[in-house]
Amino acid sequence: MSSWICRACRPSLRPLLLSSRSHATSRRSISANSPYFSVSEEVRQAIAERKPVVALETTIYTHGFPYPDNFALSSKLESLIRINGGVPATIGIQEGIAKVGMSADEINRLVSASSEAGKVSRRDLAFVCGVTMDGKRLNGGTTVAGTMLLAHKAGIRVFATGGLGGVHRGVEETFDISADLTELGRTPVAVISSGCKSFLDIPRTLEYLETQGVAVYTFADGRRSEIEFPAFYSRDSGVLSPGVVLDEVEAANMLHAHFSLGLQSGLHFANPIPEEFSIPHAEMEVTIEQALEEAEAAGATGSEITPFILTKIKELTGGDSVEANKALVEANVVRGTRLAVELQKLETEGVDRQDRPETQASGFGSNYTTTGVSLKANAASAPPSLATPETSTIAVPMLDQTASLKVAPAVNVFVAGSLNVDLSCDFSPRSSSSGHSPELKTSNPATISQSLGGVAHNIARAAHLMGANVQLCSAVGDDLPGKAALEALAAGGMSDAGVKVMPDTRTSQYVAVNDGKKDLVLAMADVSILEDTAEGSVVSEAFQQFWLPQLKQARPSHIVLDANWPPQHLARWLKAGQETGAHVTFEPVSNLKGASLFKLPKDHTLAVFPAPSVHLTTPNAYELAAMHAAARDAGLFDRQDWWEVVDALGIPDTGARMQMSLAASSALVDQGVPQQSVQLLPFIPTICCKLGAQGVLLTQLLPAGDARLTSGDHAPYILSRCTNGTEDKLGVGGVYMRLFPAVDKVEAAEIVSVNGVGDTLAGALVAGLAQRDGKARLEDLVDVAQRAAVLTLKSQESVSPGLGTLRLLA
């Protein structure tokens with residue numbers, strides 16, 4: 001049963017939940033509410049949905065590599081996790097807040113000023129988070145110990161890093177033992193590394209870990225003889241490993257048993273450095289002895305000694321140690337992700353949840369829906385932190401929209417259209433003999449997941465993740481799905497100021513029933529909330545009294561309209577866009593609905609260049625054909641103003657088949673895509689046609705005087721130039737046409753869902769345009785937008801939470 005639906009029953013369960021002190025194996029969070037602790041939406045949602053999450057430390061960036069090498073390494077490691085099926089959670093301290101799941105720009109800010117970042121272990125957290133210096137909050141890179149602690153507080157069980165701290169040589173005089181070891185003894189997180197740093201005392205380190213109750217195992221990595229514990233840069237150390245594990249599957253079984261037993265210590269899985277990068281142990285020992293002597297002579301102690309020795313090792317090895325360090329941490333991240341994936345399989349597919357009635361009784365699952373939405377009544381206003389089941393209060397928030405002019409600050413993009421609650425019901429047969437399809441006219445076992453959807457929501461979400469300041473303008477009913485939708489928006493960091501709550505209406509919902517292969521069997525849609533076009537209807541009144549005043553107050557630079565608006569309402573939005581001087585993007589949604597742009601009421605004329613009603617559209621080839629047919633059938637190609645602009649484009653009377661074939665392709669010309677795009681340019685001067693695996697065809701009407709018309713670099717893409725002398729009168733310069741190949745060949749096995757892919761591309765394009773303050777050229781944004789679409793193609797979500805990693809490229 002849907003967790004959102006179940007919330008209606010939660011008040012009666014509250015005493016039971018609040019009295020529960022079960023230590024269930026599914027418990028993923030022990031953290032209390034704190035303004036100093038923040039978990040990203042992507043990580044929060046991944047944990048709620050039991051996805052494999054892998055923690056990453058930041059000391060390796062702030063104290064291990066210079067900028068920008070450290071930032072490049074962080075991007076590489078996060079990419080390796082995603083490629084191997086996991087969700088990365090980079091952990092660090094930024095402006096006094098411990099962050100789990102740092103965004104790309106947050107990481108960049110931290111590592112670009114690494115000289116100002118402290119090295120943060122457990123003991124340092126209170127100081128770094130609670131103290132200011134010169135009026136500024138502090139930053140820090142988390143060590144293995146600090147990262148373990150914060151990962152555990154967020155509910156993350158697997159952490160991949162380079163190497164552990166340990167017992168230092170000469171400990172009998174210095175008592176120098178890394179806090180990493182004691183943290184492993186008291187924090188239940190699996191740490192994958194290439195052993196401890198090779199300049200440490202490895203036998204004593206292993207002995208200390210045994211005293212702390214820490215299981216230590218080394219991956220055999222194809223070896224069959226006696227397996228030695230790795231020494232960071234070297235595959236061998238001369239010290240036998242306390243235990244050996246064959247592969248990630250065996251390690252995952254150990255982890256599952258460990259967590260199921262409720263053991264509160266960590267585990268260490270040592271992964272030897274890839275053989276081609278390994279430095280012989282005897283050779284490294286000579287280097288280490290010299291580095292240790294220089295460290296003693298320099299008086300390096302405490303937290304200073306490790307960075308000092310690593311720098312000396314780098315100098316003495318001529319940089320070989322740096323390459324080895326990169327290679328081993330990359331290998332560890334891949335190994336750790338595969339381990340997390342196998343553990344996730346055990347916790348979901350391999351374990352019958354009916355045998356574990358305590359699974360949702362406490363812990364993370366009782367505080368969040370499967371889309372990562374907090375069930376706390378104050379979730380929308382509280383800091384993004386996680387609550388313990390002992391202190392959580394479960395209540396459905398009341399909707400309050402008394403302030404009709406509530407507008408999110410500094411909004412530069414309004415996205416108007418549909419907001420849906422999507423439910424996906426995947427048939428889950430209890431046995432292989434049950435077949436792949438659900439049985440009709442009876443109840444079937446299923447895995448049911450919920451998410452926010454709707455074209456406008458998806459576009460707004462994508463633009464938000466790509467860094468734009470977005471307001472979604474839509475409507476929900478005063479019902480449970482509506483409340484959950486608003487709460488989910490808030491939990492995702494998006495404003496709900498433009499979402500109108502309409503009494504006596506139903507929130508749009510879409511229910512998909514899929515077979516065992518996740519192919520659609522049946523879908524049901526209730527999306528009528530925006531369709532009432534009668535004068536005085538609740539939608540008409542909402543536009544006049546709710547959305548239009550917000551639009552006039554905010555005056556965003558960009559408006560995006562999806563075709564879920566009936567023509568009558570679409571006309572109102574287009575008029576408002578012209579009055580506020582906004583750049584308007586039209587997303588067709590479907591073949592049928594895309595035609596609505598050319599079926600506006602008679603009292604509204606679709607304007608042409610140079611002051612068009614619509615500036616950009618993002619159809620696929622089928623939607624483009626439907627839009628072209630609708631314009632033709634409506635007689636828009638018979639209009640004099642349309643003809644004047646078309647004539648000024650400079651297309652020869654004989655057509656431009658050869659030029660179009662060179663700019664696009666012969667196949668697309670045979671299909672009519674370039675021709676249809678050109679004929680629609682007077683009404684929509686920029687058309688970005690989505691062609692799936694073929695890429696994107698960009699067709700633009702260039703204004704007179706545009707530098708691209710005379711640029712040698714752009715010459716291959718200039719289809720035609722104005723030749724009839726009307727440049728001063730009409731402002732038409734010519735036509736730009738360019739086929740952008742797909743940025744990535746996505747194999748069928750990598751495709752998770754096509755839902756939201758086109759919406760993601762549109763949102764990424766608009767975000768890029770809005771953030772560059774009118775100075776952007778669309779051709780500079782297409783490749784980044786395609787990369788964003790690929791991330792969604794590989795994601796279960798209608799918009800991939802990973803889009804934030806592309807923000808610096810936009």
Side-chain angles (χ1 to χ4, degrees), residues 25-30 43 46-47 50-57 77 80-81 84-91 100 142-166 180-196 205-206 209-210 212-221 229-230 241-272 328-329 331-347 350 364:
T25 62
S26 68
R27 180 166 176 160
R28 296 288 297 271
S29 170
I30 62 166
V43 172
I47 293 172
R50 297 170 171 267
K51 292 181 179 178
V53 182
V54 180
L56 297 171
E57 60 157 299
L77 299 185
L80 288 172
I81 292 174
N84 286 277
V87 176
T90 300
I91 298 176
V100 178
T142 51
T143 65
V144 169
T147 304
M148 283 185 70
L149 171 63
L150 296 173
H152 178 49
K153 292 179 79 64
I156 301 171
R157 295 175 170 179
V158 177
F159 164 32
T161 185
L164 284 178
D180 296 350
L181 305 187
T182 50
E183 199 64 48
L184 271 164
R186 60 186 171 186
T187 303
V189 171
V191 179
I192 295 84
S193 81
S194 292
C196 58
T205 296
L206 294 176
L209 285 172
E210 180 183 348
Q212 293 292 314
V214 179
V216 177
Y217 287 81
T218 299
F219 283 103
D221 202 33
F229 188 76
S241 176
V244 177
V245 63
L246 294 178
D247 53 25
E248 296 89 352
V249 175
E250 190 168 83
N253 277 285
M254 290 178 55
L255 273 184
H256 186 254
H258 183 91
F259 296 133
S260 296
L261 290 167
L263 302 179
Q264 294 303 299
S265 57
L267 302 92
H268 176 49
F269 292 102
N271 186 41
L328 67 86
V329 72
N332 295 342
V333 163
V334 171
R335 180 81 77 175
T337 306
R338 291 173 178 170
L339 172 56
V341 169
E342 293 300 327
L343 178 62
Q344 183 252 357
K345 289 179 182 177
L346 282 175
E347 293 183 331
F364 198 100

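All values derive from a computational prediction rather than experimental measurement.
- Within the model, atoms NZ of K153 and CE of M148 stand 13.5 Å from one another, a figure rounded to the nearest 0.5 Å.
- Each of V100, V189, V87 was evaluated against I156; a single residue qualifies, V100, per the side chain to side chain contact (heavy atoms under 4.5 Å, CB included) test.
- Looking at R335 and D221, a side-chain N of the basic residue comes within less than 4.0 Å of a carboxylate O on the acidic one, giving a salt bridge.
- Taking 4.5 Å as the limit, every side-chain heavy atom of T143 sits out of range of all side-chain heavy atoms of T147.
- To the nearest 0.5 Å, atom CD of residue E248 and atom CG of residue N271 are 8.0 Å apart.
- Between V216 and F269, every side-chain heavy-atom pair lies at or beyond the 4.5 Å cut-off.
- No side-chain heavy atom of V245 sits under 4.5 Å from any side-chain heavy atom of T218.
- Judged by distance alone, the side chain of E347 and the main-chain N or O of K345 form no donor-acceptor pair under 3.5 Å.
- Using modelled atom types and a 3.5 Å distance limit, the side chains of S194 and N332 yield a donor-acceptor pair.
- At a threshold of 4.5 Å between non-hydrogen side-chain atoms, the residues H268 and L164 count as touching.
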Apply side chain to side chain contact (heavy atoms under 4.5 Å, CB included) to the pair F229 and L206, showing each step before the final yes or no.
CA-CA 9 Å; F229 188 76; L206 294 176; 3.9 Å; yes
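- Taken from OH in Y217 to CG in L267, the straight-line distance is 8.5 Å, to the nearest 0.5 Å.
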When you look at L346 and N253, which way does the side chain to side chain contact (heavy atoms under 4.5 Å, CB included) test go after all the steps?
CA-CA 8 Å; L346 282 175; N253 277 285; 3.8 Å; yes
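- V341 and G85 get closest at one heavy-atom pair: CG2-O, 3.9 Å.
- Exactly one of T205, V144, D180, L181 qualifies for a side chain to side chain contact (heavy atoms under 4.5 Å, CB included) with C196. That residue is T205.
- Using a distance-only test at 3.5 Å, with no hydrogens or angles considered, no donor-acceptor pair links the side chain of S241 to the main chain of V244.
- To the nearest 0.5 angstrom, F159 atom CZ is 9.0 Å from L184 atom CG.
- No donor-acceptor pair closer than 3.5 Å links the side chain of E342 to the backbone N or O of R338.
- One N or O on the side chain of H258 and one on the backbone of S265 form a donor-acceptor pair closer than 3.5 Å.
- A donor and an acceptor atom, one from each side chain of T161 and E57, are located under 3.5 Å apart.
- Shown here for S193 and G162, the closest heavy-atom pair between the two residues is CB-O, 3.4 Å.
- Taking all atoms of both residues into account, the shortest heavy-atom contact from E183 to L149 is OE2-CB, 4.0 Å.
- E250 contributes atom CD, which lies 11.5 Å from atom CG of L255 (distance to the nearest 0.5 angstrom).
- F219 CZ to L246 CG: the interatomic distance, rounded to the nearest 0.5 Å, is 10.0 Å.
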Any chance you could lay out the side chain to side chain contact (heavy atoms under 4.5 Å, CB included) test for V158 and V53, step after step, and finish with the verdict?
CA-CA 7 Å; V158 177; V53 182; over 6 Å; no
As a quick check of understanding, evaluate side chain to side chain contact (heavy atoms under 4.5 Å, CB included) for L80 and T337, giving each step before the final call.
CA-CA 8 Å; L80 288 172; T337 306; over 6 Å; no
